[in-house]
Amino acid sequence: QVQLVESGGGLVQPGGSLRLSCAASGFTFSRYAMSWYRQAPGKERELVASVTSAGTMRNYADSVKGRFTISRDNAKNTVYLQMNSLKFEDTAVYYCKGMGAGQVYWGQGTQVTVSS
């Protein structure tokens, strides 16, 4: 079955770093664009970062540019989100998403809390 299993979330202090991982299975990962979304309490889910299937192009929300980096390892069927210089405003549930071949898949979400 299709699975996107996220890990790496947790509690971090402002200015700290976390690396989220999303391990994919059940579909041809290397043919799918991958992305990270987040949803803070009371807010709509928003696109944070995305990467094309070959990893050749990346884009980011303005709010995270220069702080977050999306990457993928197609040999490991895994997409990552390196988050640096974290702010209170980054607190949210983070979701990974795969898109391709007329299909969209979502992970279950992982909580990131930035707090002093």
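Values below: every heavy atom of this structure, side chains too, minus hydrogens, waters and symmetry copies. Everything numeric in this text was worked out from a predicted model, so none of it was measured.
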To the nearest 0.5 Å, atom CD of E6 lies from atom CG of L81 at 10.5 Å
Answer yes or no: is there an ion pair linking D90 with K87, defined by an N-O contact shorter than 4.0 Å? no
L4 to A24 - nearest heavy-atom pair and separation: CD2-CB, 3.4 Å
Which pairs pass side-chain hydrogen bond (donor to acceptor under 3.5 Å, both in side chains) with one or both residues in residues 10-36, sequence neighbours excluded? S17-N84
Is there a path from M34 to Y95 through hydrophobic residues (I, L, V, M, F, W, Y) whose side chains come within less than 4.5 Å of each other? no
Sorted by chain and number, sequence neighbours left out, salt bridge (charged side-chain N to carboxylate O under 4.0 Å, His left out) with E89 holds for none
Find the distance between CG (L11) and OG (S116) and round it off to the nearest 0.5 Å. 9.5 Å
By ring pair (Phe, Tyr, Trp, His ring centres under 6.0 Å) - contacts of Y37 (at least two apart): W106
Least distance between heavy atoms, C96 atom then V79 atom: CB-CG1, 4.5 Å
Shortest non-hydrogen contact between D73 and F29, atoms and distance: O-CE2, 4.1 Å
Find out whether T113 and Q111 are in side-chain contact, i.e. whether some heavy atom of one side chain is under 4.5 Å from a heavy atom of the other. yes
Just grab all the ring-ring contact (aromatic ring centres under 6.0 Å, His included) pairs involving residues 60-90, residues at least two apart or on different chains. none
M57 backbone acceptor or donor facing T52 side chain under 3.5 Å: yes
Donor-acceptor check, side chain of Q39 to backbone of V93, threshold 3.5 angstrom: yes or no? no
Under 3.5 Å, side-chain donor or acceptor atoms of residues 41-49 against the rest of the protein: list the pairs with distances, not counting sequence neighbours.
{"residue": "E46", "atom": "OE2", "partner": "R38", "partner atom": "NE", "Å": "2.8"}
{"residue": "E46", "atom": "OE2", "partner": "R38", "partner atom": "NH2", "Å": "3.3"}

Taking the side chain as C-beta and beyond, is there a heavy-atom pair between S50 and M99 under 4.5 Å? no
Who passes side-chain contact (heavy atoms from CB on, under 4.5 Å) against V112, sequence neighbours left out? L18, L20, M83, Y94, V114
Looking only at atom types and distance, does a side-chain atom of R58 sit under 3.5 Å from a main-chain N or O of I70, one as donor and one as acceptor? yes
